[in-house]
A.B. asks: 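Let me give you the structure first, and then I'll get to my questions.
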Amino acid sequence: MSDNGATTFPTQLAVSCGFCCGTNDVNWFCKSCSGSLCNTCKMSHPTIPVFKNHIVVPRTNDVMRLYGPSKIAEQCQFHPEKDISTYCKDCQMPCCATCQVQNHQKHNISTIEDAYLSAEIRLNGRVKELETNVMPTLNKMADKTMKDQSERRVQIDRIKEEVNSFRKEMKQTVDESCDNLIEKLEENDTELDNLIARIDDQKGKIREMVKKVNQVIQKGDMSMMKYSPPSPSTFIPEVPIPRLTIPVFTPGRDILTIIKQRIGTIKWIDVNSEAKDSPAPAAKFNRSMINIYKVMSNSSKVRVTSITKASNNTAWVMDYDSDIMYLYHSSGKVVGSIKVNGSNGINDMVIRRSGEMIVTCYDRKVRRISASVEVSTLIDTSPLTPFGICLTERDVVVVCMRGQDERNHMATYTPDTGRKLHEIRGIDRQRKQQITEPYRVVSNGKDLYVVNWNPGNVVCVDERGDVRWMYDGKEGKLSKAFSPRGIIIDKYNNLLVTDCDNDCVHYVDREGRLIQIILTYGQTRISGPYGICVDDKTGHVWVGDLFQKIAICKYLS
């Protein structure tokens, strides 16, 4: 035994050869059948057919430590009289020598010790991975959660104090108001008490006067002729006797409802997220950042009407008058597609955080496509046709709808049930409707930016649907009329609007001012651009046209 209690196996052991039973030169060990071999048997061992694939190695300390005393002593389930000695990697099962000969001759075989060692290494690796990667992460999460809980508890205690203080103040106000009402009742009651006391006093005077008059009459002398008592009217109180009235208490109408509304509410906010109400970008933009160069340009089989970012380096492309959407990689290859049967063509689409897609179709339906590619109808927009679609920051669906009359407008819907919320028509200060033929729409979380097909312009409306500003492209001083088709917002809250007739893109700030004309035909070789999307992570903008071309460009340094 060694000092640490582990058994050692010297290179030369006084043991017998497992085959000839000799004790001389037993220097070898067969890992396959776990037998010791002398020099002679080592030479003849592989010549026996059943042993030809066995692995014979020098008998060293490491070999005997791993393979000498078997770590696995288990009988074969098919041949109970045999011990398990090998492991079939193809069948992933242990087997004895008989099983190996009968059922696993041409399979990938290892010794049971090797399989055990491999499993031990694999499991130790998994344990190490859990200890070095998973546990620190969980510990960090636990520490962060406990810290957050502590901070939240402090905030909760502070809010509780504020609520209780407000409760005390409101209770005091209610008590004072009720005490005032009771005080008024008691004041009225005191007035009546005073009047009764005055009446009683007069009644006493009258009794005294009657007594005195009777005495004068009883005397029957000349004094009776001279005596003149006060007039009876002097004994009537100056205050007239009031008519009978009783108090009636009328509580304030809906006072409990008003109190519940006016007390206030508790709102949980994400302290780690950016402010949601402001459209201000996280990074600052300046004109010197504009730097156009083409990354990729290729011919496609799609007449592009709309492009929606899917993930890094991929985007969904809508085909004109087709019920198929194609998933393109930035290399120009089509890596997927989805067919929406009966749609008569797909106009536009958005992707929710859950991965669900919502698409507008020419057959006057808005459909949803689940993550498992199950298609169902969400909204029927008849008699109007849905075109552009977007999601607001509150996960509300906004749909552009057009027809053959003046009923064109946009509407908002719930994304789960398709319930209509309200209509948006873009009313300006002159009470005139400016959303006349909506084609595309995007949202920056606060405002909506709408592409009007006719007249060609971009209309910005607020949450109520009131017009904030309109952009007609005249700042660009181009040779042809502004013909907007596609629109997208980048991370600086600037707009990129495709101009079909002028073969370019208008780069416009969030207040409707032209920054610069970019992505011209000379830069992209795109003629009549329609669809557009921006990948903020890569800084690439995708542009496509009806002539089956897609270009990917870098537009900012």
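Numbers here are sequence positions counted from 1. Both backbone and side-chain heavy atoms feed into the values below; hydrogens, waters and symmetry mates do not. Worth saying up front: this structure is predicted, and the values here are computed from it rather than measured.
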A.B. asks: Looking at side-chain heavy atoms only, is the closest gap between T305 and L546 below 4.5 Å?
C.D. replies: yes
A.B. asks: I'd like to know whether NZ of K339 has more than 12 heavy-atom contacts from other residues, nucleotides or ligands below 6.0 angstrom.
C.D. replies: no
A.B. asks: Are more than 12 heavy atoms, taken from residues, nucleotides or ligands other than Q92, located less than 6.0 Å from that residue's CD atom?
C.D. replies: no
A.B. asks: Any side chain to side chain donor-acceptor pair (under 3.5 Å) involving residues 547-557? Give me the pairs, sequence neighbours left out, ordered by first then second residue.
C.D. replies: D490-Y555
A.B. asks: Around M43, counting heavy atoms of other residues, nucleotides and ligands shown, do more than 12 lie under 6.0 Å from its CE?
C.D. replies: no
A.B. asks: Can you find a heavy atom in the side chain of I307 that is under 4.5 Å from one in the side chain of I532?
C.D. replies: no
A.B. asks: Could you tell me whether a side-chain N or O of N444 sits under 3.5 Å from a main-chain N or O of K446, the two making a donor and an acceptor?
C.D. replies: yes
A.B. asks: In this structure, are over 12 heavy atoms from other groups packed under 6.0 Å from Y320 atom OH?
C.D. replies: no
A.B. asks: Answer with yes or no whether the side chains of W542 and D535 bring together a donor and an acceptor at under 3.5 Å.
C.D. replies: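 No donor-acceptor contact under 3.5 Å links the two side chains.
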A.B. asks: Are the side chains of E129 and R126 in contact, using a 4.5 Å heavy-atom criterion?
C.D. replies: yes
A.B. asks: Can you tell if the side chain of I487 reaches within under 4.5 Å of the side chain of L496, non-hydrogen atoms only?
C.D. replies: no
A.B. asks: Would you say that K140 contacts T137 through its side chain, given a criterion of any heavy-atom pair below 4.5 Å between the two side chains?
C.D. replies: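 They are not in side-chain contact.
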A.B. asks: Do T111 and D114 have side-chain atoms, one donor and one acceptor, less than 3.5 Å apart?
C.D. replies: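 Side chains of T111 and D114: pair found under 3.5 Å.
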A.B. asks: Is it true that the side chains of D319 and Y326 contain a donor and an acceptor less than 3.5 Å apart?
C.D. replies: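 Distance-only check fails for D319 and Y326.
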A.B. asks: Can a salt bridge be assigned to the pair R153 and D157 using a cut-off of 4.0 Å between side-chain N and carboxylate O?
C.D. replies: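 Answer for the salt bridge query: yes.
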A.B. asks: Using side-chain heavy atoms (C-beta onward) and a distance below 4.5 Å, is I358 in contact with R367?
C.D. replies: no
A.B. asks: Would you say that T538 contacts N313 through its side chain, given a criterion of any heavy-atom pair below 4.5 Å between the two side chains?
C.D. replies: yes
A.B. asks: Below 3.5 Å, can you tabulate the donor-acceptor pairs from side chains in residues 93-109 to any protein atom, sequence neighbours excluded?
C.D. replies:
residue : atom : partner : partner atom : Å
H104    : ND1  : H107    : ND1          : 3.3
Q105    : NE2  : V101    : O            : 2.7

A.B. asks: Any cation-pi pair here, R59 with F29, using under 6.0 Å and within 45°?
C.D. replies: no
A.B. asks: Does N347 reach the main-chain N or O of P386 with its side chain, forming a donor-acceptor pair under 3.5 Å?
C.D. replies: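 Yes, the answer is positive, given that a donor and an acceptor are paired below the 3.5 Å cut-off.
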A.B. asks: Any side-chain heavy atom of L327 within less than 4.5 Å of one from T314?
C.D. replies: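 Yes, at least one pair of side-chain atoms sits under 4.5 Å.
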A.B. asks: Any chance the rings of F285 and Y507 have centres within less than 6.0 Å?
C.D. replies: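 Yes, close enough.
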A.B. asks: Less than 3.5 Å apart, any donor N or O on the side chain of D545 or S527 sitting next to an acceptor on the other?
C.D. replies: no
A.B. asks: Taking the six-membered ring of W453 (Phe, Tyr or Trp), confirm whether the NZ or CZ of R485 is under 6.0 Å from its centre and within 45° of its axis.
C.D. replies: yes
A.B. asks: Does a sphere of radius 6.0 Å around NZ in K82 hold more than 12 heavy atoms from other residues, nucleotides or ligands, not counting ones at 6.0 Å or beyond?
C.D. replies: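 Not buried by this count: 12 neighbours or fewer within 6.0 Å.
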A.B. asks: Judged by atom type as modelled, is there a donor-acceptor pair below 3.5 Å linking the side chain of T360 to the main-chain atoms of D348?
C.D. replies: yes
A.B. asks: Please check if any side-chain donor atom of T414 sits under 3.5 Å from a side-chain acceptor atom of T417, or the reverse.
C.D. replies: yes
